[in-house]
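We name chains A, B, ... by the order of the sequence lines, and we start the count at 1 in each one. All values reported here derive from a predicted model rather than from experimental measurement. Just so it is clear, the values below take in all heavy atoms, side chains as well, and ignore hydrogens, waters and symmetry mates.
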2 protein chains.
Amino acid sequence: MAQLNRISHVRKFVRGTVIQGQGEVSDIVGNIVEGVVKLSSASASGDDHIVGLLFPSDFFGRLFAEESQFSYEAVTDVTLCAMNRSGFERFLADHPTVEHEMLKAKLDELDAVREWAAITNGHTTMQRVATLLYVFSRRSRNQHREGGDASPSVVHIPLSRRDIADYLGTTPETLSRNIQTLARAKVIRIINAKHFELIDANALISHSGETREDLNRIASY
Amino acid sequence: MAQLNRISHVRKFVRGTVIQGQGEVSDIVGNIVEGVVKLSSASASGDDHIVGLLFPSDFFGRLFAEESQFSYEAVTDVTLCAMNRSGFERFLADHPTVEHEMLKAKLDELDAVREWAAITNGHTTMQRVATLLYVFSRRSRNQHREGGDASPSVVHIPLSRRDIADYLGTTPETLSRNIQTLARAKVIRIINAKHFELIDANALISHSGETREDLNRIASY
DNA sequence: CGCCGTTTTGACAGGTATCAATACCGGTGG
DNA sequence: CCACCGGTATTGATACCTGTCAAAACGGCG
């Protein structure tokens, strides 16, 4: 495993940097150490769509392809454990066990992407907003668990309204209206643009149109 | 490779059969020999969403998971080359080369699913309908290429209106209106419910909101 | 403190879902 | 071969939701 250290190195990117552009040569892969990366696709019409978000410990980059079909962009300041793509591919060839784990991870990712696609497609904007808020609340909670104390259900979403809208397949305006509606209904409290307090988790779940189990499964990915 | 023949066997399912239900134990995997299989997810609200379609030569089933998160259902009469899941997993463990190919295939699939998600999300229903029609027209054309003659651009879509609507994230009614609009505009001609003649491919492309290159890439998956 | 980008609010038009009714097609049995 | 039946597909009317354009409020940063 020390062989990995030889081909990997830490790299940092400031918020907004395009780590790998759509259609560019795929030459960098690795793991995210800190920050959030968005995976997006720009269509001919100019409007782009976020097809995935990557968090610390997630693998990024496109293996076994000459060019990347999507763009990887730093949504926050990002720290990566980066590797040369072909170097890592050679490593995989020498270590079938690691490749096996990679396959399992990608199968899980495939399920998650499909599940998210099903959510963004068949549901109203309010349901998508509620789902996203709940998923991020679980994620925040897990982070705070390390702190040990009973956290006051503060949800941190490190994305701009536009990014959230792109992720949910809507516009910043419609998104804002739905968030404000949830706030007026006392389901959440808006602390500031990127921080919310979750007041009524059950109400949020009922707004999402999903069962609690489904939501937790989505969040656990 | 004869080892594969020992653990695989041909199975047939009539149209409408659920090959593997959502949440059931994942115990069957394999390749599709003939027919079309839909991969769908039913949400709590009852409405289900088609997250993928599988055609001959496609691999189906969920490896390395105890239960399947989606249901596999025969959309037409289907012939499968089926294998016991754990049996195939053992085979993969013995043949890293095959597992490597599986990984590459799943990475391609991941890109395709994300691309499709981006399309169904950011576009109008008309754009999605046009995209689907164009993709199936390419697929039909490739099939007829074997016949050798210049086919008259007959597109065959072996899905019911409801299935298409579920796949595109809309309703049968809206779908029908859009199809009729395309027919009135002389872009397509409706032969019957599942057969269309493509009259003006360029017009169809412009309705899709995608570039020809993007559409061809999607179709080639 | 003032600027500029982001977020929110407002008004309005267009697209889509819904409910309901009609037309169509394929299969079955006489 | 034809009539019937049942499910599928189409058409119609309407209300709601969402996108768009525009303006105002907010918040962070120099």
Rounded off to whole Å, could you give me the [atom1]-to-[atom2] distance for the [X] and [N] pair?
X      : N      : atom1 : atom2 : value
A:R15  : C:dT6  : CZ    : P     : 9 Å
B:L159 : D:dT8  : CG    : C1'   : 14 Å
A:D166 : C:dT7  : CG    : P     : 12 Å
A:N192 : C:dG5  : CG    : C1'   : 16 Å
A:N178 : D:dC16 : CG    : C1'   : 13 Å
A:K194 : C:dG5  : NZ    : C1'   : 11 Å
A:R128 : D:dT18 : CZ    : C1'   : 10 Å
B:R161 : C:dC25 : CZ    : C1'   : 12 Å

Compare every heavy atom of [Y] with every heavy atom of [X], then report the nearest pair and how far apart it is.
X      : Y      : result
A:S41  : A:F70  : CB-CD2, 3.5 Å
B:Q20  : B:S26  : OE1-CA, 3.5 Å
B:A165 : B:T171 : CB-C, 3.5 Å

query = Side chains of A:T211 and A:D214: is there a donor and an acceptor less than 3.5 Å apart?
reply =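 Looking only at side-chain atoms, A:D214 and A:T211 do form a donor-acceptor pair, the distance falling under 3.5 Å.
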Verify the contact: side-chain N or O of [X] to OP1 or OP2 of [N], cut-off strictly under 4.0 Å; return yes or no.
X      : N      : value
A:T170 : D:dT18 : no
B:T174 : C:dT16 : no
A:S160 : C:dT6  : no
B:S176 : D:dA9  : no
B:R162 : D:dT8  : no

Compare the minimum distances between each of [options] and the side chain of [X], then state the nucleotide with the smallest one.
X      : options                : result
A:E173 : C:dT7, D:dG19, D:dT20  : D:dT20
B:T124 : D:dC21, C:dT16, D:dA9  : C:dT16
B:T171 : D:dG19, C:dA17, D:dT10 : C:dA17
B:A193 : C:dT9, D:dT10, D:dA9   : D:dA9

inquiry  = Go nucleotide by nucleotide along DNA chain D from the 5' end; which of B:I190 and A:G169 gets its closest nucleotide reached first?
reply    =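 So the residue in question is B:I190.
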ask   = Looking only at N and O atoms, is any donor in the side chain of A:R177 or the base of C:dG10 less than 3.5 Å from an acceptor on the other one?
value =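 Flag set: donor-acceptor pair detected.
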Close aromatic pair by centroid cut-off 6.0 Å: B:F59 and B:F88 =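 Judged by ring-centre distance (under 6.0 Å), B:F59 and B:F88 do meet the cut-off.
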task = Check every strand shown and say whether B:Q180 touches a base, only sugar-phosphate, or nothing at a heavy-atom separation below 4.0 Å.
result =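 Touches sugar-phosphate only.
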